[in-house]
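Here is the structure we will look at.
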Amino acid sequence: MAVHRIIYLNNAVETKQRDILALMEKGWEIIPASSIKHAIGFMRVVRPDVVITAHQLPDGDADHLLQTIRSSNEFEAIPVVVLIGQNDSNQEAHMRQLGAVDVVSQDQDRSELVDIVNNQIELHSATKEESAMGITGQLARLGIIELISAMVNEHGTGVISIDGSTTMEIHLKNGQIVHSRHGITVGKKALYRCLRIAEAAYHFSKQPVDVEATISGDLTALIETARESNQRLMANSHLLPQPHHRIRINFTDELKSTNLKAEARAALEVIKRFPRVKDYVDRFNVPDTICYEYLMTFTERGFITISDEKRPVVVITDSSADLADSLRREGVQQILLRLDLDNGQHLTDSVENNSKLLGYKVKQLTNATIKTATNDAFLERNLTHVRTHDCLSLFPATELVPTQVPAMRNLVKLRQVGFQGQPLLASELMYVETKTFSIGLGLAAYQAAIMAKRQQPVEAIHDYLNELVSRIYVVVAVQSGRSPMAPKGTSTMISTWDKDHFKALEEIPKGQSIIESMSDIVRQRIDVKSQIRMAVGHINAAKVADKLHETLQERFHASHRFEIAELGPVTTSIVGDGAIVLAFHQL
């Protein structure tokens with residue numbers, strides 16, 4: 001008899017333990033997942049009978065998970081049960097509208113949850129057995145090529161998913177391979193990479209996924225060509241440049257006058273944008289052997305130079321990243337901002353100017369304009385370092401701190417013109433739109449600086465930050481009547497920044513403190529067993545900030561103890577007097 005599998009997402013420890021024990025009593029296999037990303041990864045390898053999820057998750061919420069599952073041909077038939085904090089008819093209706101098969105209050109008896117799951121297993125298990133089969137461990141007796149042949153002969157049409165840190169798929173249709181995906185690559189290049197996998201776990205789904213065909217040709221001939229290409233690549237691996245090596249185009253007269261074929265021109269264009277060997281090979285969508293053949297040919301003709309030079313990385317951001325002392329110690333360069341008020345006054349973004357700023361009315365704060373101290377500030381700072389460093393600029397959410405557009409205009413010009421007569425590699429001048437602000441921006445800059453100190457290449461830092469910023473949460477508690485966010489009233493309001501806007505302000509419930517409310521928000525969004533990095537800032541609310549900081553340090557596994565930050569005028573003009581700002585992310 002098949003064991004029924006349930007993926008369970010919930011980071012509330014007590015509820016999680018209670019639910020899992022109740023579900024395990026039925027003999028079901030429970031697979032705990034700490035995030036949406038982990039759950040989707042499990043689902044690619046082990047198709048579950050049911051997914052149970054809390055509403056709030058570290059990397060999103062049940063809305064996000066439901067939309068991901070229901071929009072996927074591979075997962076859309078999997079039933080999802082959502083756990084909510086308390087009975088809420090509006091929230092329940094919303095979850096059902098998004099595709100949840102049932103909604104259960106976390107304080108209800110667990111027997112109800114068990115009954116719901118049991119009913120869903122009975123309804124969907126027959127469909128599941130017909131549409132998918134797990135083939136984990138098949139490699140013990142079959143190589144990947146033999147496995148494809150077996151699936152073609154037995155089923156003809158379906159999708160082979162290969163377990164790994166990146167998405168790997170081979171799509172079959174009527175006995176032929178029609179599409180493949182390996183990370184960001186598709187088509188034959190992706191197929192050749194999948195066929196190099198030496199050991200993995202697999203999952204085969206007989207239900208085809210509607211994809212655009214990127215591969216054509218006879219199956220046997222295709223696999224033979226792939227085998228030859230991969231063998232040639234492995235035989236010459238000792239001659240190939242290393243993934244971290246950099247490629248610089250030599251704009252010689254010969255290169256300018258040579259009539260290169262279209263594919264060779266395309267290779268040079270990819271090199272311009274992605275000068276690291278690994279990135280060029282990943283993004284130039286021809287088989288890897290051909291990518292390297294172009295590099296060898298270009299090198300022989302003097303069109304390019306490949307070197308293993310490791311340039312240090314300098315991280316540049318602006319003064320609104322309110323962790324100035326910590327960032328300064330880590331070598332982060334901060335561009336000074338200023339506030340232009342409607343009475344013609346200019347205040348630099350320095351904590352010492354907060355007392356002057358708070359002398360203005362809330363409406364005047366709302367009308368303040370945020371600028372860099374000079375129009376060319378970012379350009380000048382990059383020019384200072386680009387000769388010896390790779391420069392990585394971090395910009396805050398432009399909706400709150402609109403410095404990115406003029407700064408980027410200058411940086412684009414610098415890339416086009418070059419430096420001291422030499423063209424710049426894309427890696428020498430990079431940037432990240434963090435979509436966060438204040439100490440959230442500070443946490444991003446701190447992480448970048450730590451990676452730079454560890455001599456990570458700028459591309460690796462850039463890619464990691466683009467993934468990290470979606471996990472940085474910024475929560476603000478503001479005082480109504482003293483904040484541009486809530487210009488009227490006298491209560492304490494709380495909100496979370498959501499990439500490009502603040503979520504609707506909510507009044508802190510009677511009898512609950514700022515500390516309790518913010519602690520609850522952290523608990524709902526992280527795996528409490530994992531380490532987090534967090535920072536607390538304030539404007540004329542040092543005692544509350546200190547108590548919040550102390551409480552969070554006690555309750556959660558904080559990886560670094562940042563000093564409590566006194567927020568500067570730029571952040572003050574956004575959140576107002578008496579505000580508390582908390583930023584955190586899971587490591």
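Numbers here simply count residues along the sequence, with the first being 1.
- Annotation: Phe562 is in aromatic contact with Tyr446 [ring centroid separation under 6.0 Å].
- A 4.5 Å side-chain heavy-atom check between Glu563 and Ser326 finds at least one atom pair inside the cut-off.
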Can I get a per-line list of side-chain donor-acceptor pairs under 3.5 Å for residues 391-408, giving both atom names and the distance, sequence neighbours left out?
unit_1 : atom_1 : unit_2 : atom_2 : d
Gln404 : NE2    : Glu433 : OE1    : 3.2

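- For the atom pair CE of Met518 and NE2 of His549, the computed distance is 13.0 Å after rounding to the nearest 0.5 Å.
- Note: Ile335 CD1 to Ser320 OG = 11.5 Å, rounded to the nearest 0.5 Å.
- Annotation: side chain of Met95 is in contact with side chain of Asp63 (closest heavy-atom distance under 4.5 Å).
- For the atom pair Gln524 CD and Asp61 CG, the distance stands at 11.0 Å (nearest 0.5 Å).
- Not counting sequence neighbours, Ser355 has no partner by the side-chain hydrogen bond (donor to acceptor under 3.5 Å, both in side chains) test.
- Taking the side chain as every heavy atom from C-beta outward, Asn382 and Leu379 never approach each other to under 4.5 Å.
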Q | Intermediate values then yes/no, side chain to side chain contact (heavy atoms under 4.5 Å, CB included), Phe437 and Val570 | A | CA-CA 10 Å; Phe437 77 106; Val570 166; over 6 Å; no
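- Listed here is the closest heavy atom pair of Ser480 and Met493: OG-CG, 3.2 Å.
- Checking side-chain atoms of Thr366 against main-chain N and O of Val362 turns up a donor-acceptor pair under 3.5 Å.
- Taking CD1 from Ile574 and CD1 from Ile370, the interatomic distance works out to 5.0 Å, rounded to the nearest 0.5 Å.
- A salt bridge links Glu92 to Arg96: one of the charged nitrogens lies within less than 4.0 Å of a carboxylate oxygen.
- Looking at Leu83 and Asp19, their side chains come closer than 4.5 Å, going by heavy atoms from C-beta outward.
- Contact between Gly442 and Leu327 at its shortest, heavy atoms only, is O-CD2, 3.6 Å.
- Classification of Arg328 and Asp325 as a salt-bridged pair holds, one side-chain N sitting under 4.0 Å from a carboxylate O.
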Q.
Walk me through whether Asp49 and Gln120 qualify under side chain to side chain contact (heavy atoms under 4.5 Å, CB included).
A. CA-CA 8 Å; Asp49 295 84; Gln120 291 301 323; over 6 Å; no
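- A heavy-atom distance below 4.5 Å is not found between the side chains of Phe584 and Leu552.
- You'll find the side chain of Tyr360 stays beyond 4.5 Å of the side chain of Leu339, heavy atoms only.
- When all heavy atoms are compared, the tightest approach of Pro509 to Ser517 is CD-OG, 4.4 Å.
- A salt bridge does not link Glu169 to Arg181: none of the charged side-chain nitrogens sits closer than 4.0 Å to a carboxylate oxygen.
- In this model, no donor atom of one side chain and acceptor atom of the other lie less than 3.5 Å apart for Asn354 and Glu566.
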Q | Derivation and outcome, side chain to side chain contact (heavy atoms under 4.5 Å, CB included), residues Leu365 and Leu357 | A | CA-CA 8 Å; Leu365 298 187; Leu357 185 66; 3.5 Å; yes
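- In this structure, the side-chain hydrogen bond (donor to acceptor under 3.5 Å, both in side chains) partners of Ser319, at least two apart in sequence or on a different chain, are Asp349.
- By the 4.5 Å heavy-atom criterion applied to side chains, Val80 and Arg70 are counted as neighbours.
- Judged purely by distance below 3.5 Å, without hydrogens or angles, the side chains of Asp322 and Thr571 pair a donor atom with an acceptor atom.
- No donor-acceptor contact under 3.5 angstrom links the side chains of Ser495 and Glu506, judged on distance only.
- Here Lys435 does not pair with Asp500 in a salt bridge; the nearest charged N to carboxylate O distance is not below 4.0 Å.
- For Asn353 and Thr348, the side-chain atoms include at least one donor-acceptor pair closer than 3.5 Å.
- Using a 4.5 Å cut-off on side-chain heavy atoms (C-beta onward), Val581 and Trp497 make no contact.
- Residues Arg283 and Glu459 are not paired through a salt bridge, judged by the lack of any N-O separation under 4.0 Å between the basic side chain and the carboxylate.
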(Q) Determine whether Trp28 and Val117 satisfy the following criterion, side chain to side chain contact (heavy atoms under 4.5 Å, CB included), listing intermediate values before the conclusion. (A) CA-CA 10 Å; Trp28 300 326; Val117 172; 3.6 Å; yes
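- A donor-acceptor distance shorter than 3.5 angstrom exists from the side chain of Gln334 to the backbone of Ala321, with no hydrogens or angles considered.
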